[in-house]
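Report on the following structure.
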Amino acid sequence: MLNQKYQFMNGETRTVPELSVKKLTLKVAYDDFPYKQRSQTDWGFAVFITGAEKTILFDVGGRYLFDRMRRLKIKPDDVDIVVLSHIHGDRLCELNVFLQHNSDVTVFMPASLPKEFKDSMRDYGAEIIGVKESLQICENVYSTGELGKEIKEHSLIIRTNRGLVLITSCAHRGIVNVVSTARELIRGRVF
């Protein structure tokens with residue numbers, strides 16, 4: 001197995017195995033478009049990610065998250081990691097409800113989120129990790145680190161056998177900047 005060196009924006013160089021996610025599945029678990037005619041919708045976003053080392057829920061959407069998860073046959077216990085992209089309510093408002101169903105998760109959220117919010121989520125028993133700089137979330141899955149000035153937001157970079165897959169929420173800093181940052185952090189073709 002060959003290894004490749006990756007240089008991160010903070011100057012750190014890491015050797016990363018050349019293995020990558022071979023079968024990545026993304027299911028939009030929440031947005032403002034109906035999954036089926038009867039699906040309840042509201043402003044917000046959540047995506048369920050499988051195929052990596054851990055199962056990830058990126059953002060938790062709004063009040064209809066569990067209806068959408070049920071329709072997609074996703075159980076809260078299926079989730080190992082929750083990633084919150086940024087502070088907006090339509091991205092994180094259901095986290096407390098989610099943690100009532102599954103607190104055995106690690107939650108990665110921007111370090112800039114209020115301490116009171118992070119502490120209240122810790123009260124459920126979840127491990128809370130504040131993300132400031134780029135970091136590895138699990139094998140082949142990385143955070144861009146906080147991007148932006150006014151609204152700090154981070155995105156996911158997933159190394160797959162077809163190239164880098166980027167998952168972002170609102171991309172307040174601009175999608176071109178998110179893609180550029182991802183390419184600077186982890187060399188590779190964006191799929």
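Counting from 1, the numbers follow the sequence of the chain as shown. Below, all heavy atoms of this structure are taken into account, side chains as well, without hydrogens, waters or symmetry copies.
- Counting heavy atoms from C-beta outward, M109 and I129 have side chains that stay 4.5 Å or more apart.
- When atom types are taken as modelled, the side chain of S134 and the backbone of S143 share a donor-acceptor pair closer than 3.5 angstrom.
- Rounded to the nearest 0.5 Å, atoms CZ (R159) and CD (Q136) are 9.0 Å apart.
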Practice problem: Could you walk me through whether K54 and T106 pass side chain to side chain contact (heavy atoms under 4.5 Å, CB included), step by step? | Solution: CA-CA 11 Å; K54 305 274 185 174; T106 303; over 6 Å; no

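- Looking only at side-chain heavy atoms (C-beta outward), F108 and L156 stay at 4.5 Å or farther from each other.
- Between V141 and A52, the shortest heavy-atom distance links the atoms CG2-CB, 3.8 Å.
- The minimum heavy-atom distance linking V82 with V79 is given by the pair CG2-CG1, 4.0 Å.
- Interatomic distance, CD of E153 versus OG of S112, reported as 10.5 Å (0.5 Å rounding).
- Contact check for N177 versus L147: no side-chain heavy atoms found under the 4.5 Å cut-off.
- Side-chain N/O atoms of D59 and S85 include a donor and acceptor closer than 3.5 Å.
- For the atom pair OG of S180 and CD1 of I175, the computed distance is 10.0 Å after rounding to the nearest 0.5 Å.
- For the pair L72 and K27, the tightest heavy-atom approach, listed with the atom from each and the gap, is O-NZ, 3.7 Å.
- Interatomic distance, N140 CG to L24 CG, rounded to the nearest 0.5 Å: 10.5 Å.
- D104 CG: 12 or fewer foreign heavy atoms inside a 6.0 Å radius.
- With a 4.5 Å cut-off on side-chain heavy atoms, T144 and H154 count as touching.
- The residue from D80, I81, L26, V47 that alone fulfils the side chain to side chain contact (heavy atoms under 4.5 Å, CB included) condition with I56 is I81.
- Not one N or O on the side chain of E53 forms a donor-acceptor pair closer than 3.5 Å with the backbone of C138.
- Here the CZ-CG distance, from F98 to L57, works out to 5.5 Å after rounding to the nearest 0.5 Å.
- Proximity of I186 to Y142: side-chain heavy atoms (C-beta onward) are separated by under 4.5 Å at one or more points.
- Enclosure of atom CZ in R162 is not indicated, since only 12 or fewer non-hydrogen atoms of other residues, nucleotides or ligands lie within 6.0 angstrom.
- With rounding to the nearest 0.5 angstrom, the NZ atom of K115 is 10.5 Å from the OG atom of S120.
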